[in-house]
Structure formats: structure tokens, C-alpha cells
Amino acid sequence: MPPLLDTRAAGRLALSATPGSTVFAGGRRVATAGFNQAYLGPTILMQNGDLAAEVQNNLDEPISTHWHGLLVPGEHDGGPHLPIAPGATWQPEMSIAQDPATAWYHSHIHERTAQQVYFGLAGVIHVTDGQDDARGLPSTYGIDDLTLVLQDRRFDASGRMVYNPSMMDMMHGFTGNRMLVNGQVGATAVVPQGIVRLRLLNGSNSRIYTLFFDDIRPMHLVATDGGFLPAPVVLDVLRLAPGERAEVLVDFSSGGAPVLMSDPDQAYGVLQFEVDTALARRITRLPEQLDGAPADLSGAEIATRQVSLDMGMGGMMMGGGGFAINGRPFDMDRIDFEVARGTVERWQIRSTMIAHPFHVHGIRFRVITENGSPPRPENTGWKDTVLVPGEAEILARFDQPASRETPFMFHCHILEHEDAGMMAQFTVT
Ligand code: C2O
Ligand code: CU
Ligand code: CU
């Protein structure tokens, strides 16, 4: 597990982006970057209330620290308008007020996000209310509550981790040839012989996972990006696109050594599990209900907007690979939408050429339809990122303010697409 950074007692959070080097199993030492460590960052545990954060940049290039999934104003959001210069420190005085959720943080410098996240500038956030015992959910960090950052990385013939996207990689997103889980190759997750909670983050630049266990044991989905579901939903396969999180419960009481795999058609291993009967098993039954009750926003919308995620011929005349939203590549100086604070809007999103994972800052949303049908089980709860194979409609209330100086982003979470211009921005006033 990444180290746990518990901010609850002091209400303070100190991160420092640092250069480092990492030897991934069997490979060669490569330059990486992380928060407080050489690759990735600690898992930040936070609760509602004031949080005085401090992010120091010890790298020799600007970074930012975006809190993906935290509902905070634009000035605290850490997007591309809030760069931290080399040697500088950013100190957002935040106030956390949201349902428990698994969120994450990562650098978000325009045109550099893909590279900076790839080499390590990301980590996980747990927003907790301390009520998981009452919910009957496992919550012992690293024992029965595992945080798993899934990333694929490309290693060359000499075992060096490389990032060198070709034109094809730009079009489809850069994918790797090895799996890393929490920055490790070939690790094993040792779990107690009971119910275990897996907090899965797809922290990959572009790979979409279709997760399943090799012995077909079910996963019980309890939370999506923005919080708990009303009750667990049993799944044999779980689709997880870049930027998405899912919390699932898995029953290991029958023992065994199952492997979490991806892609039933062309299966590859993601993570080996191993049951250790010496580990304390605290939870042995699945909860029947959770207290998550995603609001029904339907009918409350005052505006409908169209969002077209463009690439290829459609936007080719714009230059590059035609990466754009509504025909226009990202421009830091252009506000694309102006949303009235406190109102509900319906956004109709359309993907071109391939399925794009669509993310919006500053809100959590409900998925109303996917290709005209009700959403898949994975998309029935609160979301901030959704894979859009063709079309999707979402509803959200825009409560957090964002000014022209620090607007919120909406973009494709394939990081190569985002950097190339499939991103736009909006104010909330
Ligand atoms: Cu996780 Cu704008 O990003
Ligand atoms: Cu975000
Ligand atoms: Cu995309």
C-alpha cells in the first residue's frame, strides 16, 4: 500500500513533489517523480472540515495538484490555471464538505499532464466520515481495505520505463506492456479470509480495464466516483476507464489464490491475491444496504448543453490530430460555458471515433442515459468521470464557484487527448 497520510487530527496536509528514481521489477533505474516519495504519493485520509493544504514543488518544471473528485471551488481545484513554479509552494485553505468517497490527486499542467502523471505525480484520497463500521464495511487500511492504483506502463527491451508516444499512440492513447499496481510489477495482495474492500483507481493514461476474477468470484460494487450506492450491486465484470474509481467488496472466505484479470477476450493478469488465515478477518458478511442515496435530479435542469468530443477528420483543419471539444481545441483564455451557480444542467456528450472517458471538475453527476438506454450498473451512482462509447446524458447541480481566473475543466481523461486539446472550461457564478 502507499503510505497513509492521515490529515484528520491536525487538519493539515503537506505534500512535496520530488524528483526520484525507481527500479521497477527486473528493470533499469529510471527517473520518476512523486509526492513525498519517488513514485506516486501517499494515500491521503481526510474528513469534512477545514483542511489547510500545502504543496511544495521541488521539481524543475511547473506542476499543479488537482483534487480529482473533491468538491471545492475553482481557486482550490488545482487545474492548469494554478501552476506551482519550481521551488514554489501552493497553499489552498480548503474546506471539505462532501459524502465519503475515493478520490485522487494528480498534476494537471496543460500539455504536460500525461507525462507528469505517467512518471508518478498522482495519489489517492479517502474522504471518510468514520462511519464504515456502522455500514459493515471493511476499513483497516492495507489489511481488509486495499487501495489499488492500476497503471499500465511501457518498458523497452532493456527494461527501461519509457514514454514516447507515436502518432498512433496519440490517436488511441498511450498504452503499456506491463501492469503496475501501486507502482509495483508482479506484486501479490495478501488478504484475510473474509470480506475485503478494494478501492480501485484507474490511474492509467489511456487503458480501459474490464476487470474480473479468474475463478469468476463476484465483485460487489459499493461505491462509484462520488460516493456509496444504496446497496451493493453484484458484478462479474467491472469496466473502469481512466480517472474512474470503484469500491468493490470481494469475499475471500473460501480461500484460494485468485487473480484479478482484465479483458475477458484477451485476458491478462492485473493482480495476484493470496489468502492469509493469520490475518484478522473483521467482516464476514456483505452489508445488505449502504446509506448512499444518489439524488434524482431529473426534471430540475434549466439548461441543456451539447459536448462533442472531437478527434480525427472532424476537427483536422484545427491542426494536430483534430483533438477538440465542440470543434475547438483547448484555449486557456477562452471560457466555453458559463453556468449559473446552484442550478442543474443536462449535458449531452457525444464521442467521435473511439470511446472517450469524460470528466468534469467541481461537480458530481448522475448518468441518465448511455446510448439512449439506462446506464450500466457501474454508472448508476454518483460519478465525475464516465466512459462515453457513443452518447451519454448526465445531470448535475453546479454548487461550487469558479471564476474566469480559475475556471473548472471538462475533458477526455485519456491524458494524451486532454493534452492535445480535448479539453474545455467553464465558470460557475
Ligand atoms: Cu483527473 Cu481534469 O482531471
Ligand atoms: Cu478532475
Ligand atoms: Cu479521448
Side-chain angles (χ1 to χ4, degrees), residues 41 63-74 76-83 98 101-114 116-118 121-125 149 151 165 169-175 201-208 225-226 240-245 307-312 314-315 320-326 329-330 332 336 349-365 382-390 392 396 400 402 406-426:
I63 63 153
S64 79
T65 305
H66 168 53
W67 319 106
H68 179 143
L70 289 191
L71 300 173
V72 294
H76 296 158
D77 178 67
H81 293 267
L82 289 160
Q98 63 182 74
T102 301
W104 64 303
Y105 58 102
H106 61 80
S107 191
H108 209 311
I109 294 290
H110 185 47
E111 297 180 325
R112 302 283 297 161
T113 298
Q116 292 186 342
V117 171
Y118 189 89
L121 290 182
V124 174
I125 296 171
V149 182
Q151 298 177 310
D169 293 324
M170 291 302 297
M171 297 305 281
H172 298 282
F174 188 82
T175 50
L201 160 66
N202 184 343
S204 308
N205 281 33
S206 78
R207 184 179 292 270
I208 298 163
D225 303 335
L240 202 65
E244 288 186 304
R245 292 85 65 210
V307 178
S308 168
L309 305 173
D310 302 325
M311 64 182 282
F323 296 95
I325 287 184
N326 292 343
F330 181 65
M332 292 269 281
D336 296 275
I349 305 124
R350 194 160 36 83
S351 281
T352 53
M353 304 210 24
I354 65 168
H356 300 275
F358 180 68
H359 170 52
V360 189
H361 290 211
I363 58 164
R364 56 180 186 169
F365 57 73
W382 284 119
K383 300 286 296 164
D384 57 48
T385 308
V386 64
L387 185 66
V388 182
Q400 295 295 330
T406 53
F408 287 134
M409 303 295 122
F410 58 104
H411 58 88
C412 175
H413 220 289
I414 292 176
L415 300 181
E416 287 75 28
H417 291 181
E418 169 187 339
D419 278 346
M422 199 182 285
M423 180 156 75
Q425 50 191 5
F426 65 101

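When a ligand or atom number is given, it counts from 1 through the structure's own listing order.
- Not counting sequence neighbours, the partners of S204 by the side-chain contact (heavy atoms from CB on, under 4.5 Å) test are Q151, D152, N202, R207, Y209.
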Exercise. What's the verdict on side-chain contact (heavy atoms from CB on, under 4.5 Å) for E111 and I109, showing C-alpha distance, side-chain angles and the deciding distance?
Worked result: CA-CA 6 Å; E111 297 180 325; I109 294 290; over 6 Å; no
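- A pairwise comparison of heavy atoms in T385 and G243 identifies OG1-O, 3.9 Å as the closest pair.
- The aromatic rings of F408 and F426 sit tilted, their planes meeting at an angle between 30° and 60°.
- Here 2 is the count of protein N, O or S atoms positioned under 2.8 Å from the Cu ion (ligand 2), waters not counted.
- D419 contributes a side-chain N or O that, together with a main-chain N or O of T113, makes up a donor-acceptor pair within less than 3.5 Å.
- Rounding to 10 degrees, one finds that atom 2 (Cu) of ligand 1 sits at the corner of an angle of 110° between H361 NE2 and H411 NE2.
- A side-chain contact (heavy atoms from CB on, under 4.5 Å) with H361 holds for exactly one of M409, Q400, Q425; it is M409.
- Minimum heavy-atom separation, P83 to S64: CA-CB, 4.4 Å.
- Scanning both residues, M423 and P80, for their nearest heavy atoms gives CE-CG, 4.2 Å.
- Annotation: protein N, O or S atoms under 2.8 Å of atom 1 (Cu) of ligand 1 (waters excluded) comprise H68 ND1, H106 NE2, H413 NE2.
- Considering every non-hydrogen atom in both I325 and A424, the closest pair reads CD1-N, 3.9 Å.
- Under the side-chain contact (heavy atoms from CB on, under 4.5 Å) criterion, D384 pairs with H68, D225, R245, H359, not counting sequence neighbours.
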